[in-house]
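Take this structure, written in structure tokens, and hold onto it; I'll ask about it next.
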There are 2 protein chains.
Amino acid sequence: MTDSLPPIQTTARDDAVLKALAGFVRQEALGPGEKLPTERILAERLKVSRNTVREALTRWEGLGLVERRQGSGTYLKAAVSPDMLHMPLTLAGGNDFAGLMRTLEIRRALEAEAAALCAIRAGKAEIAEIEHKLDIMEEAFHTRAGMSSEEDWEFHQSVYRASGNPLFEQIISAMHELFHRFWEHPLGVRDFGHASFPYHRTIFDCIAAHDPEGARGEALKLIATVEDDLKRGAANLKLLDRK
Amino acid sequence: MTDSLPPIQTTARDDAVLKALAGFVRQEALGPGEKLPTERILAERLKVSRNTVREALTRWEGLGLVERRQGSGTYLKAAVSPDMLHMPLTLAGGNDFAGLMRTLEIRRALEAEAAALCAIRAGKAEIAEIEHKLDIMEEAFHTRAGMSSEEDWEFHQSVYRASGNPLFEQIISAMHELFHRFWEHPLGVRDFGHASFPYHRTIFDCIAAHDPEGARGEALKLIATVEDDLKRGAANLKLLDRK
DNA sequence: GTGCAGAAATTGGTTGGACCATTGAACCAC
DNA sequence: GTGGTTCAATGGTCCAACCAATTTCTGCAC
């Protein structure tokens with residue numbers, strides 16, 4: 001009977017500050033890298049204490065929307081808009097082998113779906129862009145005789161973008177960043193990712209042919225090679241432990 | 001040559017506070033719902049200003065780890081551990097129909113994978129738990145003659161848990177929460193989700209039979225019905241706009 | 001004019017103290 | 001019990017100052 005009686009909103013200074021700031025960013029058409037007003041100016045203009053401004057900015061900083069540089073200023077790190085929604089995820093204990101495999105299971109599901117959607121929706125321009133990234137990656141592979149994680153990542157990103165759903169890039173990018181922050185040289189496996197090389201071309205072929213199920217299948221094969229590399233690395237690690 | 005020389009950490013008071021607090025939580029074995037020390041006590045014990053404590057807690061609050069109630073105290077909202085990783089996602093413009101469809105594309109990929117993994121990994125106890133939730137849901141469906149989002153959600157969660165990968169539940173739960181915060185009564189469609197009812201049983205049957213591909217297929221069918229409902233709702237909305 | 005070192009201004013980070021608003025418990029009258 | 005009242009505890013906000021890193025300006029040497 002007393003449903004639909006949510007608690008009323010009594011005070012929300014920080015939220016109000018962020019709302020005003022988001023409006024300001026849109027009005028001034030500020031983009032990533034540009035500088036925000038200083039905390040003191042914001043406090044004065046918004047008629048709130050500098051502490052309140054700082055709490056609000058701390059929120060945005062925690063969400064990765066903004067970067068503060070002491071002595072310099074506060075800078076936008078991503079596009080912000082007044083109507084954005086936040087979805088913070090915390091991964092408990094993600095920095096071990098099991099955690100890595102768990103993120104890979106998520107990536108397998110998303111990677112396959114993104115490739116399939118891309119095969120359906122990519123237009124001529126998107127396909128040309130993906131092929132361009134693929135050429136760069138293959139060139140780097142042959143000259144340096146090995147996978148280059150930088151060019152490899154660029155290729156995958158272009159696929160996510162062409163999927164028509166920016167969430168794929170956002171979620172996988174966030175996991176990719178975590179992945180590399182803790183596993184820069186994964187488990188000491190040389191030629192890590194080497195086996196995944198040929199599937200980049202086959203994925204592209206399926207996308208260019210607008211064959212979603214084919215693209216999904218090739219993407220799954222690619223992820224499978226990464227999983228194998230990871231397991232090999234884990235075996236190496238156990239070997240080292242015994243020594 | 002000068003790689004792997006990250007800038008030294010000159011100041012990081014808030015991070016240090018959070019680290020200490022995470023250690024405290026683990027030592028005291030505090031769980032969700034339990035109360036943290038007051039800001040004043042933390043400031044005194046950690047030998048930092050109360051403002052610094054507040055900035056640190058603001059971070060955790062933004063990540064949804066903690067809830068602050070004025071006049072009462074600060075309470076844990078989720079399990080925290082010293083080794084957790086954060087992955088904040090922001091969805092630009094997620095509160096319209098297109099945004100809803102985008103989240104559903106992500107959910108389709110994850111739901112299918114979770115169902116398949118569940119069919120592989122679920123043991124007898126997990127299968128019994130899922131069947132229990134399914135019985136409750138079907139009971140509610142028949143007595144109230146309609147889908148109950150509460151019991152429906154419980155069923156799906158039990159599947160995610162049995163997948164053996166907590167990330168599925170975390171990510172889908174976060175999207176589910178956003179979904180419901182802005183679409184409590186989605187688009188005025190009566191009997192929303194009605195068509196999805198039979199697939200809950202078929203998904204369970206495949207899981208119980210340890211048939212991953214079957215479970216994946218049934219999960220995809222279920223999501224397809226939700227997409228149809230959503231499109232019907234969008235059509236209704238356009239009709240209303242014309243009036 | 002150019003280049004560079006040091007001074008000065010700017011900006012985020014931190015501190016301490018004060019007061020306000022809300023909460024919850026204890027207490028009291030009915 | 002039910003409904004007020006009081007009061008201490010707690011988070012929310014504010015202010016004023018100072019610290020630390022960065023940027024900008026200034027003036028001198030050449």
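Quick note on labels: first sequence line is chain A, next is B, and so on, each numbered from 1.
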- Item | From A:Met137 atom CE to A:Ile130 atom CD1, the distance as rounded to the nearest 0.5 Å | 13.0 Å
- Between D:dT23 atom P and A:Arg69 atom CZ, what is the distance in whole Å? 7 Å
- Test item: side-chain donor near acceptor, B:His176 and B:His156, under 3.5 Å: no
- Message: Taking the basic N atoms (NZ, or NE/NH1/NH2) and the acidic carboxylate oxygens, is any pair closer than 4.0 Å for A:Glu131 and A:Lys133?
- Response: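 Salt bridge absent between A:Glu131 and A:Lys133.
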- Give the rounded distance in Å between these two atoms: CD of A:Glu44 and P of D:dC14.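 Roughly 14 Å, once rounded to whole Å.
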- Query: Would you call A:Glu126 and A:Arg121 a salt bridge, using N to O less than 4.0 angstrom?
  - Reply: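 No, this pair does not count.
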- B:Asp14 atom CG is separated from C:dG12 atom C1', nearest whole Å, by 12 Å
- Task: Send over the distance from B:Gln70 CD to D:dC14 C1', rounded to a whole Å.
- Result: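 Result: 14 Å.
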- Taking side chain to side chain donor-acceptor pair (under 3.5 Å) as the test, write out the residues that go with A:Arg68, two or more places apart. A:Glu39, A:Thr58, A:Glu61
- Message: Applying side-chain hydrogen bond (donor to acceptor under 3.5 Å, both in side chains) to A:Asp229 and A:His194, what does each step give before you reach the verdict?
- Response: CA-CA 9 Å; A:Asp229 282 350; A:His194 196 98; over 6 Å; no
- Query: CD of A:Glu55 versus P of D:dG11: gap in Å, rounded?
  - Reply: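 Answer to the nearest Å: 12 Å.
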- Task: Check the distance between D:dC14's C1' and A:Glu39's CD and give it to me in whole angstrom.
- Result: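 The distance from CD of A:Glu39 to C1' of D:dC14 comes to 15 Å, rounded to the nearest Å.
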- So, are B:Glu105 and B:Arg107 salt-bridged, with charged N and O less than 4.0 Å apart?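 The answer is no: the pair does not qualify as a salt bridge.
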- Could you check how far CG of A:Leu36 sits from P of C:dG12, rounded to whole Å? 9 Å
For nucleotides 15-19 of chain C, list the nitrogen or oxygen atoms of the protein found under 3.5 Å from its nitrogen or oxygen atoms, one pair per line.
{"from": "C:dT15", "atom 1": "OP1", "to": "B:Arg13", "atom 2": "NH2", "distance (Å)": "2.3"}
{"from": "C:dT15", "atom 1": "OP2", "to": "B:Ser49", "atom 2": "N", "distance (Å)": "3.1"}
{"from": "C:dT15", "atom 1": "OP2", "to": "B:Thr52", "atom 2": "OG1", "distance (Å)": "2.5"}
{"from": "C:dT15", "atom 1": "O4", "to": "B:Asn51", "atom 2": "ND2", "distance (Å)": "3.4"}
{"from": "C:dG16", "atom 1": "O6", "to": "B:Asn51", "atom 2": "ND2", "distance (Å)": "3.0"}

Please write out the pairs of protein N or O atoms and N or O atoms of nucleotides 4-9 of chain D separated by less than 3.5 Å, giving the distance to one decimal.
none

- Query: Between D:dT13 atom C1' and A:Arg54 atom CZ, what is the distance in whole Å?
  - Reply: 15 Å
- Query: Which atoms form the tightest heavy-atom contact between A:Gln170 and B:Leu89, and what is the distance?
  - Reply: O-CD2, 3.7 Å
- Message: Taking the basic N atoms (NZ, or NE/NH1/NH2) and the acidic carboxylate oxygens, is any pair closer than 4.0 Å for A:Glu55 and A:Arg13?
- Response: no
